[in-house]
Amino acid sequence: MENTNMENARMQKFQAGDIIMREGGTYDEMYKVVSGSVEVYIRYGERDEHLIGIYSKSKCFGEMSVLSDQAAIYTVVAFDDVLLMRITKDYLEEFIRNNPKNAIDIMKNMVHTTVVMQKNIGLLLDDLYDKDGANKRRTEEIRQKIMQYSAGGLHFTP
């Protein structure tokens, strides 16, 4: 990994296979892809690993952790050699002010991630429902509660 200053953001290079952000880790920065691509996974390295996306030039990631002060919900791995702009929590407001289009990109990424997570929750619940045929009513109650909480699960601090 190599750092280069560029105004208030730092440019960082990663090689293919480098882990940039790990699920469950805490981060006070997000990234914008300048060149190359990254893979985004849930449960990276586990038996039930799931690729949820590949982000390339101009896409951002890590914004949910920065905005919510919550642990990362996915792992990001360099797909190939990648150059990233690192945007810290302290610089985020200035970054958006200087690059207003990025605010829309950040929101689109957050919506995409939320939709993918809700679909995965639905698939897991379908699997649970199929396996627990003896107690379908209780499983459906659990499904409704999880869907209710997953829709409003992020708690933002001002």
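Numbering starts at 1 and runs along the sequence shown. If you're wondering where the values come from, they're calculated on a predicted model, not measured in any experiment.
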Y41 and E39 side chains, donor-acceptor separation under 3.5 Å: yes

Crowding at NZ, K108 (>12 non-hydrogen neighbours, <6.0 Å): no

Audit row: N98, E94, side chain to side chain contact (heavy atoms under 4.5 Å, CB included) steps and yes/no: CA-CA 6 Å; N98 293 335; E94 182 180 341; 3.4 Å; yes

Sole candidate of K89, R10, R86 that passes side chain to side chain donor-acceptor pair (under 3.5 Å) when paired with E29: R86

Audit row: L83, V33, side chain to side chain contact (heavy atoms under 4.5 Å, CB included) steps and yes/no: CA-CA 6 Å; L83 178 64; V33 179; over 6 Å; no

ILVMFWY cluster, I96 and L67 together (side-chain gap under 4.5 Å): yes

Atom pair CD/OG of Q70 and S65 - distance to nearest 0.5 Å: 8.5 Å

Joint cluster assignment, M107 & I52, ILVMFWY side-chain distance < 4.5 Å: no

R97 side, atom CZ; N102 side, atom CG - distance, nearest 0.5 Å: 13.5 Å

Nearest non-hydrogen partners of Q15 and A78, listed with the distance: O-CB, 3.2 Å

Atom of V40, atom of L51 and distance for their closest heavy-atom approach: O-CD1, 3.4 Å

Euclidean distance, D28 CG relative to D69 CG, rounded to 0.5 Å: 9.5 Å

For E23, all residues meeting salt bridge (charged side-chain N to carboxylate O under 4.0 Å, His left out), sequence neighbours excluded: none

CA sep, side-chain torsions, deciding dist, call: K32, K59, side chain to side chain contact (heavy atoms under 4.5 Å, CB included): CA-CA 6 Å; K32 179 177 180 180; K59 295 295 181 193; over 6 Å; no

Verify same cluster id: M64, I20 (apolar side-chain graph, 4.5 Å): yes

Distance (rounded to the nearest 0.5 Å) between E93 CD and I87 CD1: 14.0 Å

Stepwise side chain to side chain contact (heavy atoms under 4.5 Å, CB included) test for K13 and D81: CA-CA 7 Å; K13 288 184 179 181; D81 289 349; over 6 Å; no

4.5 Å side-chain heavy-atom contact, I19 and Y44: yes

Among I54, D18, V82, the one residue meeting side-chain contact (heavy atoms from CB on, under 4.5 Å) with V38: V82

Minimum heavy-atom distance between L84 and V34, given as atom pair plus value: C-CG2, 4.2 Å

Atom pair OH (Y55) and CZ (F61), whose distance is rounded to the nearest 0.5 Å: 9.5 Å

Cationic N near anionic O, under 4.0 Å, R43 to E49: no

Closest non-hydrogen atom pair between V66 and M30, with its separation: CG2-N, 3.6 Å

Salt bridge (charged side-chain N to carboxylate O under 4.0 Å, His left out) partners of D105, counting only residues at least two apart: K101

Sidechain-backbone polar pair: Y27 side chain, R22 backbone, donor-acceptor under 3.5 Å: yes

Between OH on residue Y31 and CE on residue M85, distance to nearest 0.5 Å: 13.0 Å

